[in-house]
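Read the structure below first, then the notes.
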Amino acid sequence: MVKNVVIVGGGVAGATLAKTLQHHANVTLIDPKEYFEIPWASLRGMVEESFAERIVINHRDYFTKGSLVISSAVNFTETQVITSDGRHIAYDYLVIATGHTQPALPVTRAQRLNQYKAENLKIKSARSVLIIGGGPTGVELAGEIAVDFPEKKVTLVHKGPRLLEFIGTKASRKTMKWLKSRKVEVKLEQSVNLNSVEDTTYRTSLGDTIEADCHFLCTGKPLSSAWLRETLIKNDLNVDGTIKVDESLRVKGRTNIFAIGDITDVPEIKQGVYAQGQAQVVAKNLRLLIDGGKERKLASYKAQPAVAIVSLGRRQGVAQFPFMTVLGRFPGMIKSGDLFVAKTRKDLGLQPNVKQT
């Protein structure tokens with residue numbers, strides 16, 4: 001008997017699992033939008049309009065066999081997922097892959113591409129840009145703008161004591177030096193009150209004034225787990241909203257509910273490549289269970305070492321490996337040129353450079 005697998009969330013982890021498992025079960029993918037978006041490449045899409053065409057991919061372009069439900073999950077029982085539009089979707093196995101909350105994204109790919117066009121126009125028409133947040137998103141956006149539009153004044157404000165606080169101090173120092181060499185002004189240990197903006201004048205928590213024609217908010221997004229606090233796994237959540245999982249990525253104490261991606265409590269840096277790895281482990285485990293295999297043969301997922309690459313423009317980057325930190329063209333060669341877009345598209349069974357319709 002063919003089993004029903006329901007995947008909640010069409011981000012990196014959910015999309016990878018849906019693509020991998022679609023010919024092995026009755027797979028239903030639940031996502032509030034019709035497309036998958038390569039998240040680590042979105043900043044390049046803002047500064048280069050044609051790049052966005054490659055990173056916004058209709059779910060149906062890679063997920064051709066299963067059922068696609070454009071809605072949000074709001075609850076689930078032992079056997080069904082309930083969506084915001086009132087549907088009850090039966091499952092034998094459930095996989096939660098809701099990642100982080102996103103601002104209200106449009107439903108269709110065309111609408112999302114129009115947003116990218118608007119962001120691109122905003123950057124092109126501005127003489128000065130304010131970026132709020134000095135994590136990987138803020139740093140990469142500052143780098144993209146500084147390299148593509150060197151004539152623009154870029155200011156980055158970060159509330160923490162150093163940039164890229166999720167990795168080591170050496171990487172932070174190297175990144176700060178690189179940004180300053182590109183004339184990006186960095187203000188640390190300050191925040192910006194967006195409710196007190198006067199025309200093009202912004203004020204920081206320390207009283208500094210910043211003149212900018214536009215701003216981009218690049219602060220961290222909360223996990224998309226609030227909805228789970230009313231479900232039957234409400235006691236399987238940590239205080240920070242992550243889901244407690246075992247070594248096979250099943251929700252602890254559950255035999256048929258898995259979690260993958262940023263929403264798990266696997267102790268590793270939350271990156272797309274690791275989310276893809278988790279999806280592959282769960283795909284293997286689901287195939288085993290669906291085929292009647294023994295639970296003792298389930299594959300385990302091991303937390304990955306702290307490796308991170310942050311792109312700095314098109315040719316350079318900063319990379320933290322377990323035993324060294326490198327800035328320059330070597331990490332840039334690994335990531336910055338194409339931002340792994342061609343590889344991601346190929347992994348989804350798509351042409352690496354062909355625009356989707």
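Everything quoted here is computed from the prediction, not taken from an experiment. Scope of the values below: all heavy atoms of this structure, side chains included, with no hydrogens, waters or symmetry mates.
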Quick one: closest heavy-atom pair of L348 and A15, and the distance?
CD2-O, 4.4 Å

T242 (side chain) donor-acceptor with N238 (main chain) under 3.5 angstrom:
no

Working note: T204 + Q190, criterion side-chain hydrogen bond (donor to acceptor under 3.5 Å, both in side chains); need CA distance, chi angles, decisive distance, verdict.
CA-CA 6 Å; T204 74; Q190 300 185 54; 2.5 Å; yes

Using the salt bridge (charged side-chain N to carboxylate O under 4.0 Å, His left out) rule, pick out the option among K244, R254, K252 that qualifies with D236.
R254

Would you name the heavy atoms of I309 and A319 that are closest together and state the gap between them?
CG1-CB, 3.9 Å

Run the side chain to side chain contact (heavy atoms under 4.5 Å, CB included) test against K65 and tell me which residues pass, sequence neighbours left out.
Q22, H23

For A299 and N285, work out which heavy atoms get closest and say how close.
N-OD1, 2.6 Å

By the definition side-chain hydrogen bond (donor to acceptor under 3.5 Å, both in side chains), identify the one residue from E165, R162, K177 that meets it with S172.
R162

Intermediate values then yes/no, side-chain hydrogen bond (donor to acceptor under 3.5 Å, both in side chains), E211 and T201
CA-CA 5 Å; E211 293 295 326; T201 302; 2.6 Å; yes

Do you know the tightest heavy-atom contact between R60 and L68?
NH2-N, 3.3 Å

So which heavy atom on Y62 is nearest to which on I57, and how close?
CD2-CG2, 4.2 Å

Has R44 got its NZ or CZ under 6.0 Å from the middle of the six-membered ring of F51, at an angle within 45 degrees of the ring axis?
yes

Any donor-acceptor N/O pair, Y91 side chain to E78 backbone, under 3.5 Å
yes

Exercise: identify the closest heavy-atom pair between W40 and V12
CZ3-CG2, 3.7 Å

I89 backbone acceptor or donor facing Q80 side chain under 3.5 Å
no

From OG1 (T137) to CD1 (I132), nearest 0.5 Å
13.5 Å

Do R182 side-chain atoms and G143 backbone N/O form a donor-acceptor pair below 3.5 Å?
no

Nearest 0.5 Å, please: how far is NZ in K180 from CE in M176?
5.0 Å

Does the cation-pi check pass for K152 over F149, that is, NZ or CZ under 6.0 Å from the six-membered ring centre and within 45° of its axis?
yes

